[in-house]
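Everything on this sheet refers to the single structure shown next.
Predicted model only: the values in this text are computed from it and were never measured. Letters go in sequence order (proteins before strands), and every chain restarts at 1.
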2 protein chains.
Amino acid sequence: MQPARRLYRRESEESRRTALISATQELVAEGGPEAATVRAIAERAGVTPGLIRHYFQSKDELTRAAYRALMDGMTAKGSDAIEGVGAGPEERLAAFIAASLRPPVLDAGAVVLWAGYMHKVRSDPDLMAVHEAAYLAYRDTLQRLIETLPRTVLPGQTRAEAIACNALIDGLWVEGSLLPATFAPGEVITIGLSSVSAILGVNLLEHTAMLPDFGKTTP
Amino acid sequence: MQPARRLYRRESEESRRTALISATQELVAEGGPEAATVRAIAERAGVTPGLIRHYFQSKDELTRAAYRALMDGMTAKGSDAIEGVGAGPEERLAAFIAASLRPPVLDAGAVVLWAGYMHKVRSDPDLMAVHEAAYLAYRDTLQRLIETLPRTVLPGQTRAEAIACNALIDGLWVEGSLLPATFAPGEVITIGLSSVSAILGVNLLEHTAMLPDFGKTTP
DNA sequence: CCGTTTGTTATACGCATGTATAATCGTGCG
DNA sequence: CGCACGATTATACATGCGTATAACAAACGG
């Protein structure tokens, strides 16, 4: 009696690919890129290592797919945030910012995941293109929201403002995720909203009534 | 005649340690953490792999030392920037910000290096302490510079402002380093100074006369 | 209900990694 | 000048990695 061969079920290509991609993301988020080995990914996804090469030409291709999925997911979260809320420009901008500074976007695992891919982004032109597209898409959404604000602006002004707000949000995202104990609950969102308000010359804190998990920490 | 044993010179402990640390940093900056193998580090430092274990108990200890050196170096750059310049609070703050958004601090290698250590920072309490100390030191310097500005402030205001300015600078640092082609020369510094000005309610762009490599891109 | 297809597992290979230990030789001290 | 210490090199080892390939079995069509 030899060790029985492992039982399995056939699944759709899509479900297997997403399972492998999710497993990769989880492992990188937990233990950095070096923890995402072929064997660990397979175990997490509930398959054996060989199957990875059946769905991805190489581990590098799986890596690229996981990065693409990460970036798509994060930009999607931002778009979702401005879907439901009321039509006021300030409301929409405030919701967009708050969504980026709250879980699940504000999350140490997400930051580690993002950081773990950074050097691959720089060396792989394909990943660089994905990164640039996601970054510019986010910044573009931000800029469009800024342009809808009731203000009179100089030409070229909103571009610089969008860059600044994007950088501010990114920085708060990293630090709020990495050192959550350093901030009071909701403090990161409050700081983000008031700082963006200062940069743009508006008052977003007056338009936070509809935001979930907010209002209790701001006087 | 067998292959001659490699000639060598004895060197001080300090020079060997710094050589190994620098080699580690260079390799991580160039190719990510996975490129910094024991053999590659030794070759870059001009020694053989075994010597690493003579000066560091393990590769992990060398890694920790390299991260500490990175953080110390980056905070030192900021302190240097406010040493020479004139006594005006605005000048000093402007110089501090500009120094963080200009090479050698603004550099893709530095960002990749910083990002490459991120997951180790989260999992290793020792590195976490180093990170937190460096982050808070930087923020503290920033807050002290902000407090010297001629303004009347509410209690607790400067803390939030320091967090915001720190996040803004960090975000510009990352994006300016990773996508330098996206920005006009000096644009990152200009945006940083004008945004911090807006957040703090001052005008730093009027106090950039003494900044090197500046003034030509701002009207 | 059988045969074919192909998703999935199992096994093996070559290589690189971090570490341990022994051999060597540069160097400061007596 | 010689000798002993230890900084440095050399070699070896176990392990884990990504990859290649063959064997197997689950599901579907006939």
Side-chain angles (χ1 to χ4, degrees), chain A residues 1-24 27-28 30-67 116-117 119-120 123-124, chain B residues 1-24 27-28 30-67 116-117 119-120 123-124:
Chain A
M1 175 158 180
Q2 39 193 341
R5 190 185 177 91
R6 171 179 175 155
L7 303 179
Y8 61 93
R9 275 189 49 216
R10 293 192 167 193
E11 305 237 347
S12 72
E13 170 167 351
E14 192 199 332
S15 92
R16 283 271 126 100
R17 291 183 85 100
T18 61
L20 290 170
I21 288 173
S22 299
T24 304
L27 287 164
V28 174
E30 291 168 13
E34 61 215 38
T37 69
V38 169
R39 288 164 177 81
I41 293 169
E43 187 184 17
R44 181 70 63 106
V47 297
T48 49
L51 196 64
I52 290 179
R53 308 275 333 280
H54 189 263
Y55 286 109
F56 298 93
Q57 208 163 11
S58 70
K59 191 204 170 186
D60 250 56
E61 198 192 302
L62 170 55
T63 291
R64 276 193 284 269
Y67 182 73
Y117 281 118
H119 97 270
K120 290 180 196 289
S123 56
D124 183 334
Chain B
M1 174 158 179
Q2 39 193 339
R5 190 186 177 90
R6 171 179 174 152
L7 304 179
Y8 62 92
R9 276 188 48 215
R10 292 190 167 193
E11 304 238 347
S12 73
E13 170 165 351
E14 193 200 331
S15 90
R16 283 271 126 101
R17 291 182 86 99
T18 60
L20 289 169
I21 288 173
S22 299
T24 304
L27 286 164
V28 175
E30 292 168 12
E34 59 214 41
T37 69
V38 169
R39 287 162 178 81
I41 293 169
E43 187 185 15
R44 181 71 61 108
V47 297
T48 50
L51 196 65
I52 290 179
R53 310 272 335 278
H54 188 263
Y55 286 110
F56 299 92
Q57 209 164 11
S58 69
K59 191 203 169 185
D60 250 56
E61 199 192 302
L62 170 55
T63 290
R64 277 193 285 269
Y67 182 73
Y117 283 117
H119 97 270
K120 291 180 196 287
S123 57
D124 184 333

For [X] and [N], what is the distance between atoms [atom1] and [atom2] respectively, to the nearest whole Å?
X	N	atom1	atom2	result
B:Leu51	C:dA20	CG	P	16 Å
B:Glu43	D:dT8	CD	C1'	17 Å
B:Ile52	C:dT17	CD1	P	12 Å
B:Ile41	C:dA16	CD1	P	17 Å

(request) Under the side-chain contact (heavy atoms from CB on, under 4.5 Å) rule, what do A:Leu20 and A:Val47 come out as? Steps first, then yes or no, please. (result) CA-CA 9 Å; A:Leu20 290 170; A:Val47 297; 4.1 Å; yes
(request) Just call it for A:Glu13: base, sugar-phosphate, or nothing, with non-hydrogen atoms closer than 4.0 Å on any strand. (result)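 No contact.
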(message) Considering every strand and a 4.0 Å limit on heavy-atom distances, what is the contact class for A:Tyr55: base, sugar-phosphate, or nothing?
(response)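 Sugar-phosphate contact only.
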(message) For A:Glu43, is the CD atom crowded, meaning more than 12 foreign heavy atoms sit under 6.0 Å from it?
(response)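 Check fails, neighbour count at 12 or below.
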(request) Show your working on side-chain contact (heavy atoms from CB on, under 4.5 Å) between A:Ile21 and A:Phe56 and close with a plain yes or no. (result) CA-CA 10 Å; A:Ile21 288 173; A:Phe56 298 93; 4.2 Å; yes
(request) Verify the contact: side-chain N or O of A:His54 to OP1 or OP2 of C:dT8, cut-off strictly under 4.0 Å; return yes or no. (result)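 It does not, given that no N or O in the side chain of A:His54 lies less than 4.0 Å from OP1 or OP2 of C:dT8.
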(request) Encode nucleotides 16-28 of chain D as B, S and - characters from 5' to 3', where the letter depends on protein heavy atoms closer than 4.0 Å: B to the base, S only to sugar-phosphate, - to neither. (result) -BBBS--BBBBS-
Euclidean distance, [Y] [atom2] relative to [X] [atom1], rounded to 0.5 Å:
X	Y	atom1	atom2	answer
B:Arg17	B:His54	CZ	NE2	11.0 Å
B:Glu61	B:Arg53	CD	CZ	9.5 Å
A:Leu51	A:Ile41	CG	CD1	12.5 Å

